[in-house]
Amino acid sequence: MCLSGDSGFSAPRGPGREREQEEKREQEEGREQDEESDERDAPTVSGDRALQALQAMENASAAMRMLATAVERAQDVVLITESEPVDLPGPRILYVNDAFEKMTGYSRDEVLGRTPRLLQGPESDRAALDRIRTALKQWKPVREELINYRKDGSKFWVELSMVPIADENGWYTHWVSIQRETTEQNVIRTQLADSEARLRTLTESIPQLLWTASPAGECEYVSQTCADFLGVEPKDCLGMGWGEFIHPRDRAETYALWRQAIETGGTFISEYRLRRRDGRYLWFLHRAAPRRGMNGQIVEWIGTSTDIAVQKQAEESLRQSEKLAVAGRLASTLSHEINNPLEGLTNLLYLIEGNESLDAAAREYLGMAQEQLRRVSEATTQSLRFHRQADRASARRISEIVDALLNANRPRMEARSIVVRRRYEGDTILQCLAGEMRQALGNVINNAVEALAPRGLLWVRVRRSLEWGHGFRLGVRVSIADNGPGIAEADLPRIFEPFFTTKGVTGTGLGLWITRGIVERHHGSICVRSCTRPGRSGTVVVLFFPYEPPSDLG
Ligand code: ADP
Ligand code: MG
């Protein structure tokens, strides 16, 4: 150790000095008493005792040497300064160890006699330096972390702890500072804070509502966007409180699905309505995936809720238009059935009118009957017009119609990670009623999407093809397949019946019925194959439209 004893520092008075001196006085008095009693027991100092004293001194200096080496070689920096002056120019450095040279790039000779301030620079935290100075003035140990500068001007973070050292008289004579470089920790800390800030910005800027839940399903976090939507503070959604925001009619099913996800560790997917701050309920698609720890155990659930109000509205209007189409068809059938007899009636009444044997009263009744008949005819003509198709046949590329339908379904499919495989072969231009074709293919695609579980597969193939039957016809074949649960054997013969549905209130049971009607209008064919065997389940719907345009397509 090169701690110089001749630095000529003045020993200032420290706050602990009086008490320490008192203790020292007491110790010395005690020693004097002991020595007196020793002298009484043994009036002369024997040679043995001198030898013992010498031995003790040797041991002490060996211990000192060991300590010195330890400090010299320590991994942490050890720096010893004089105790004063705390203010400019600062206390002089009396000792630094090897680690100091390694950390700062300064050699001992360059820093001895100078002040530790030479390590400071523009980015050294002023507040931390002030705290150190205050502690130094009050002779209090201090611990701080701040930026220092190496000899080559590069910055580094250092954590330092300083303690004042007193001499045997209780005067504070030196400061010992132990320092350790913390640049790496600081870089990690900064990166962590950065990535946290990025994550926070991300969670607050995406339109989805974000939330997390404990493995047991209790809400642990909701994004500010989520809290704002609900019109509460984020803390009000924690625990099991989230159930309160769900539409009462959706609660039971949601809880059941949530429980199932927790028990099986599978993804939670559910559509349910959430109460907005203004009290209105809006449809959301909720998904949560488990995040697992090192041992595979679930650490938390990370969830998103996506606004699907627009999609729900589109579905609803599709249902409405399906219903309207059906109403139209019914009206059309009815008016057709009624119009023929009406025409007969009109003719008959006309013949009766020409009969001259009718008296005045009969003629009046006849006039009234004709008037009523005219009203009925008008009413049926109106409803017939209601059904009449607006569009005319035109050349359309079927693959483009299919693409447009898949695109329209994309948000719904992406939300459930449904994988779509499409294959278009050859020219698929066909003379058809585009609106009807869209409706027919759309119904089949909808059914497949509705049947698919998350991550399910949807295959769509459109190609030129030959159909063998009575001779053969050239046309376009569209195959739509899904690996959903399939159609039960008992249901299969009924799926083209109007109003047959297995979807409860959400189904109309009209999709396939309408599709078949449209296919027939285009002189095409439709066939459905399905399998419900677990692991191999799925449904394939094949539609064929001949190139030969039917003459009645308008
Ligand atoms: P909806 O879809 O309104 O129920 P549809 O006429 O479109 O009416 O379909 C009738 C029924 O046929 C459905 O309720 C369903 O049971 C069955 N179905 C149709 N397509 C599929 C499919 N791809 N997978 C499973 N079931 C299907
Ligand atoms: Mg349907």
Side-chain angles (χ1 to χ4, degrees), residues 269 271 283 308 311-330 333 401-402 404-406 408-413 415-423 435-462 477-522 524-544:
I269 297 178
E271 285 179 6
W283 278 103
I308 50 165
Q311 183 191 320
K312 278 279 171 189
Q313 240 163 30
E315 278 174 24
E316 182 53 31
S317 53
L318 191 73
R319 256 201 297 280
Q320 285 303 330
S321 73
E322 271 188 12
K323 279 181 187 159
L324 269 180
V326 167
R329 265 155 211 273
L330 285 176
T333 318
I401 294 180
V402 169
L405 288 165
L406 290 174
N409 267 297
R410 205 162 66 196
R412 188 150 69 128
M413 294 195 286
R416 288 190 283 143
S417 310
I418 287 172
V419 180
V420 181
R421 303 235 169 94
R422 41 183 122 180
R423 211 158 109 196
E436 292 207 347
M437 190 58 80
R438 253 195 306 275
Q439 195 173 1
L441 297 172
N443 288 343
V444 179
I445 290 176
N446 272 345
N447 281 345
V449 173
E450 280 161 7
L452 281 168
R455 284 185 286 278
L457 268 174
L458 175 67
W459 288 272
V460 182
R461 192 168 171 204
V462 184
R477 183 180 300 271
V478 183
S479 317
I480 295 159
D482 64 75
N483 63 351
I487 304 170
E489 213 171 319
D491 292 341
L492 209 49
R494 302 194 56 200
I495 56 174
F496 289 108
E497 282 176 18
F499 306 111
F500 175 79
T501 180
T502 52
K503 297 173 190 169
V505 287
T506 60
T508 60
L510 297 173
L512 288 179
W513 180 59
I514 289 174
T515 298
R516 191 171 62 174
I518 294 171
V519 169
E520 281 170 359
R521 219 164 122 77
H522 286 79
S525 63
I526 177 167
C527 118
V528 179
R529 272 173 294 138
S530 194
C531 170
T532 53
R533 210 172 318 146
R536 299 183 48 190
S537 68
T539 303
V540 188
V541 180
V542 180
L543 301 109
F544 177 82

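In each ligand, atom 1 is the first atom listed, and ligand 1 is the first ligand listed. Every heavy atom of this structure was used, including side-chain atoms; hydrogens, water molecules and symmetry mates were not.
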| query | Out of Ala448, Gly511, Gly484, Gly509, whose heavy atom is nearest to atom 1 (P) of ligand 1? | reply | Gly509
| The one among Leu512, Thr532, Thr539 that brings a heavy atom closest to atom 22 (C) of ligand 1 | Thr539
Which heavy atom in [X] sits nearest to a heavy atom in [Y], and how many Å separate them?
{"X": "Ala451", "Y": "Asp482", "value": "CB-OD1, 4.3 Å"}
{"X": "Thr501", "Y": "Gly507", "value": "OG1-CA, 3.6 Å"}
{"X": "Lys503", "Y": "Asn447", "value": "NZ-OD1, 3.1 Å"}
{"X": "Arg412", "Y": "Asn409", "value": "NH2-OD1, 2.8 Å"}
{"X": "Phe496", "Y": "Ile526", "value": "CE2-CD1, 3.9 Å"}
{"X": "Gly484", "Y": "Leu452", "value": "N-CD2, 3.7 Å"}

If you count the atoms of ligand 1 from 1 in the order shown, which ones are under 4.0 Å from a heavy atom of [X]?
{"X": "Asp482", "answer": "22 (C), 23 (N)"}
{"X": "Gly507", "answer": "3 (O)"}
{"X": "Phe500", "answer": "10 (C)"}

| query | Under 2.8 Å from the Mg ion (ligand 2), how many protein N/O/S atoms can be counted? | reply | 1
Can you pull out the closest protein heavy atom to [atom]? Residue, atom name and distance to 0.1 Å, please.
{"atom": "atom 18 (N) of ligand 1", "value": "Ile487 CD1, 3.8 Å"}
{"atom": "atom 2 (O) of ligand 1", "value": "Lys503 NZ, 2.7 Å"}
{"atom": "atom 17 (C) of ligand 1", "value": "Ile495 CG2, 4.0 Å"}
{"atom": "atom 4 (O) of ligand 1", "value": "Thr501 OG1, 2.6 Å"}
{"atom": "atom 14 (O) of ligand 1", "value": "Thr502 N, 2.9 Å"}

| query | Is any N or O atom of Ala451, backbone or side chain, closer than 3.5 Å to an N or O atom of ligand 1? | reply | no
| So is there a nitrogen or oxygen of Asn447 less than 3.5 Å from a nitrogen or oxygen in ligand 1? | yes
Does any part of the side chain of [Y], heavy atoms only, come nearer than 4.5 Å to the side chain of [X], both counted from C-beta?
{"X": "Thr539", "Y": "Ile480", "answer": "no"}
{"X": "Glu489", "Y": "Thr532", "answer": "no"}
{"X": "Val420", "Y": "Arg410", "answer": "no"}
{"X": "Val540", "Y": "Trp459", "answer": "no"}
{"X": "Asn443", "Y": "Ile518", "answer": "no"}

| message | Quick one: does any side-chain atom of Arg416 pair with a main-chain N or O of Val449 as donor and acceptor, under 3.5 Å? | response | yes
